[in-house]
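Report on one structure; see the data block that follows.
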Amino acid sequence: MFDVGGRGDLSFNDMAYAGLERAVKTYGARLTTKYLEPTSGGQGREELLRLLAEGKYDLIIGVGFLFTDAMTKVAKDFPAARFAIVDGCPDAPTANVACLLFKEQEGSFLVGALAGMYTKTNKVGFVGGMKIPLIERFEAGYTAGAKYANRKVAVYADYAGTTGEAFKDPVKGKELALAQYDRSADVIYHASGATGVGVFEAAVTRNRKAIGVDADQSLTVPANERLHILTSMTKRVDVAVFGTIQALIQSSWKPGPQVFGLKEGGVGYAVNQYNKTLLTPYVPKLEALKKDIIGGKIKVPSTKLELQTFLQSLGK
Amino acid sequence: MRSRGRLLLLQAAAPIVAVFAGGVIASAIILAIHENPLSVFGLMATFNMQAGSVASILTSATPLIFAGVATAIGFQVNVFNIGIEGQYYIGAFAASLAAFGLRGFPAPIHLVLIITAAMLGGLLWVWLPAFLRRRRGAHEVITTIMMNYIAFNVVLYLLGLVRDRNLGSTVRIRTPLFPPSAQMPHLAPLLNALGAPIPGYSPLNWFLVIALALAIVVWFWLRRSRFGYEARATALNPLAAEAAGIVVGRVQFVMFLVSGAVAGCVGLSDLLGRAGYFDIDFPKGLGFLGISVALLARNDPLGVIPAALLFGYLNRGAEGIQAFTNVPREVITILEALIIMAIVVAYEIMTRYVRVLRKQEVA
Amino acid sequence: MTGSLGTTSAPPIIELREITKRFPGVLANDRISVTVRAGEIHALVGENGAGKTTLMSILYGLYQPDGGQVLWRGRPVGIRSSSAALELGIGMVHQHFMLIPPFTVLENVILGAEPVRAGVVALAQARARVARLAELHGFDLELDARVGRLSVGEQQRVEILKALYRGAQLLILDEPTAVLVPQEIRELFRNLRRLRDQGRTLVFISHKLDEVMEIADRITVLRQGRVIDTVETSSATPSMLAEMMVGRPVLLQVPRPPALPGAGRLDVRGLSVEGERGRPRIHDVSFNVRAGEVYAIAGVQGNGQAELVEAIVGLRRAATGRVLLDGRDVIPLSVAERRAAGLAHIPEDRHRRGLVLAMSTRENLILGHHRRRAFSHGLLRDERAVDRFAAERCREYDVRVPRLGTPALALSGGNQQRLVIAREFAFTPGLLIAAQPTRGLDVGATEFVYRRLLEIKAQGLAVLLVSVDLDEVLALADRIAVLYNGRIAREFRRGEADAATLGLYMTGGGPPTGQAAP
């Protein structure tokens, strides 16, 4: 078992650890686990992976796309061991590497639908980090969900930038969110890493709502921001981690991309003690939509192009 | 004569006593978390003897030698270049441009071009603080730190412009892959042929040899060249140097620039020997580690080599402890820092003692 | 000349018995026994490195002896610290004053020993005590004056008063005359005699034999960590003391060749120089130095000498005026270019400006010459040429080093100065500027420097001597200019003025004749 960024980040790594713990609890006797954190960037990552592989661990999980290259190299040298990367995939298919990917668009669809139902002004917003296909997937799902739930809704979408910096620019995030609120949006969904901190601040300033991403952000933000977080689109890394361990034990482990969507419980929306009452009226509808997506009745778009087709189909 | 022998012995003993003192403090911490320090150190020692560990130590030491030498060059003449960090980031990015941007050169020429680009990048980034110091008296500690911030953001911005757009739907942001002519050959094949069991996967590469040669050349240059003489006189007594007709400000300016040019090369071993592209995950902090390395080496370019190896040793040892014991990661990081601090302090005490002895001898 | 109480019958106030102090490789004090009688002025003389300072540091509690005993009024004592020494009644006046310039005289005197009443400094009480002490000893001091504004002589009196205020019965004075002009020395001696007559005991450290002869009741001579002898001043002569100090006969008066002045070498015209923070330090100074003569600039420390020298050698910008070296204006030239044009410089402070102490002897010997082609070998230094040059210089100038690689900081003061001289005399310069060339040197080393300076003068070099030591100026100079407050108060030809006259001009006195044109 293996990790970057460190435990205690209240997000990815803690969720991955939770998945590991669940596996230990479930299969305790049959499982030996080890949990490591790299120190010195790429070299350290590769070296620790190698130590684990030499330690004859059956499955080594790297949390985060940054493991992609190191894991590709090490996997080649240890064909007998199995590897899994959360959120990443080797450039070429590798027989002993599984890629744990998420259908972010499905989760985004649900929170989009919630925003569409919740809005009083019929205007909702989206703040993305860097303008790359991955983040556009969030936007597509969100827009589709909002329109699906509320044909009259208008969706504003802005991105913090075109560089990696766009994921850690709270000032820009706040600026974009304020602008959207001032154009009378009353819910904003962000998919922008640390830039989202600014979005939450803007929500407090204008006394509107925001939607978090990846983890249940209601639990980690300062107390005064909690009430402004409608929900969060959660990526259940713990589910993915537990799933791949379970597959190994049940001898059904497969290499290659494995996508965790609503069906697999890999994405969803967060319900917690802070937003429970607020959400209650919408939950039945959301659960119905969820069923429709899982059942294939709704095909959630994951690109701009697919979104257009989707919206056209709605118009009919 | 007998006392001179004793002085030499004491000086030689200083780093050993320092390491020992570091070990004692570390032991106390390990005891505090209910582990056996002897078994932890024993594990570290045996683990670090393995061929894979030796390769890892040498690999980690390579950029630290560059960073240590770059720092030492500045510190030698009382120029506190804290901007190695930013200079190597810019240097590495400039090198990346030359690496994927230039095609069709044979490897040796391509590599020389890349290294030149890295040095120019470092030079570009050091030039402003050096100029401001020389002309306006602006303190370089402040200007170089500011330049570090600017460097990170400039590189992030530029990386967005030149990133590989074929990577599709992932947040991986990196330059296009470098062509084979821009890969620094690894040392493992050669060392294996010589009988050293360096594992084939090790990214240990010729930059280690270049780093060692650089340290030796800088050391020799300071001792045996006219400019080196002026630099040392400037460092040891600027007033006397000035009276002897040495333009202290100019010597410091030149050394500042050289420090930046060397700093430009810090990231090359990782860039051309391991990664083969520049991405947002490019190692950070090597410049700051370089300051510790240079301080531990007392700004001696040759001393930088063992100091960098010590950092590499501790780093690899930390990996081993993490993989094979239940000492938590945080404790290991604290241990590393404490050992280094203890070494610096103990070394300082020892050398001060030696200095007192020497002074008394003269009195 | 012997004091009223300094008789053989007086009991010893302090007795050092077989004091031994060893530093690694050196025996600084080798079984030293000295007895100081109550109420005498006891002089301690010796060359640098003879062990005077170590011995006094032991007495003042700064070092602990490895062997031997200290008896205070007949009782063995261990002096563990300077505060313990003070408690016994041992005070020390250091060569470099330990005063706080912005504080008043009174504040400086009572600092650290303030009488406190109910948590507040009882100033009135302290003032009364200090005033009484000053009056008793005839110290003429304004208690409310800021120390920074006082003359050096007055500051020294504050230091002495400080020690007396703390109850010192035995006062150690470390080279007290080194910083004073003749008038101030006379005043100091008067004060010291008065202190003695009132029952205090004084230990006077010096290497100026005529002063020792004048003030001391008894004299102890140290050489290489041993006591050579303790003698009654009445039975001693300067040459006898000098021989005991150095271990061989010494010529106290160096025979001086007559000046055979030739062409003008250095011509300073209307030079004005600013000091730190743009404060004017040298005002419109003009003089010239000719080949084959020693031209001396005399004056009390701090009257602009440092700025004048720095402007001539190129370390400081001149505000106005010209400096001609062999007819060529060197003001636009850098230090290196001036050196190349034949200017050599023995800096006032050899540790700060003259040497790179951490560098080896050989590397110090080429400092400033290091750009010469003779030492270059392509891009690198020709180490063998440097070795040859260094060995030859050390031999010729008697620089005593175990190896050429020995760092300069390991050399004695005299050897360091010989090193600087050996370097600056190399490659036959046209003009030598010697600033305080014998400061801190002992008799033997001073004699050496004098001989060499006169030697090169005889060879036709121009020498500009800048010195605060009037004996030195009178011994060497062919012409003397007195610098006072940044101006040349007066210029004398040799024989025109004696020490007293010079001293008068140095302190701003003398007939208002203005600046004498050369």
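Being a predicted model, the structure only gives us computed values, none of them experimental. Just the heavy atoms: all of them, side chains too, but no hydrogens, waters or symmetry mates, feed the values below.
For B:Lys284, the NZ atom sits in a packed shell: over 12 heavy atoms of surrounding residues, nucleotides or ligands are nearer than 6.0 Å.
Looking at every heavy atom in both residues, B:Arg274 comes nearest to A:Lys73 through O-NZ, 3.2 Å. The shortest non-hydrogen separation linking A:Glu46 to B:Tyr201 is OE2-O, 4.3 Å.
Within the model, atoms OG of B:Ser60 and CD of A:Glu47 stand 5.5 Å from one another, a figure rounded to the nearest 0.5 Å. A distance of 8.0 Å separates CG in B:Leu177 from CG in A:Asp69, rounded to the nearest 0.5 Å.
In this structure, chain B has no heavy atom under 4.5 Å from any part of A:Lys76. With a 4.5 Å cut-off on non-hydrogen atoms, A:Glu136 does not touch chain B at all. Contact of B:Ser202 with chain A is not made at all, since no heavy-atom distance falls under 4.5 Å.
Your options are A:Leu101, A:Leu51, A:Thr303, and the one with the most heavy-atom pairs under 4.5 Å with chain B is A:Leu51.
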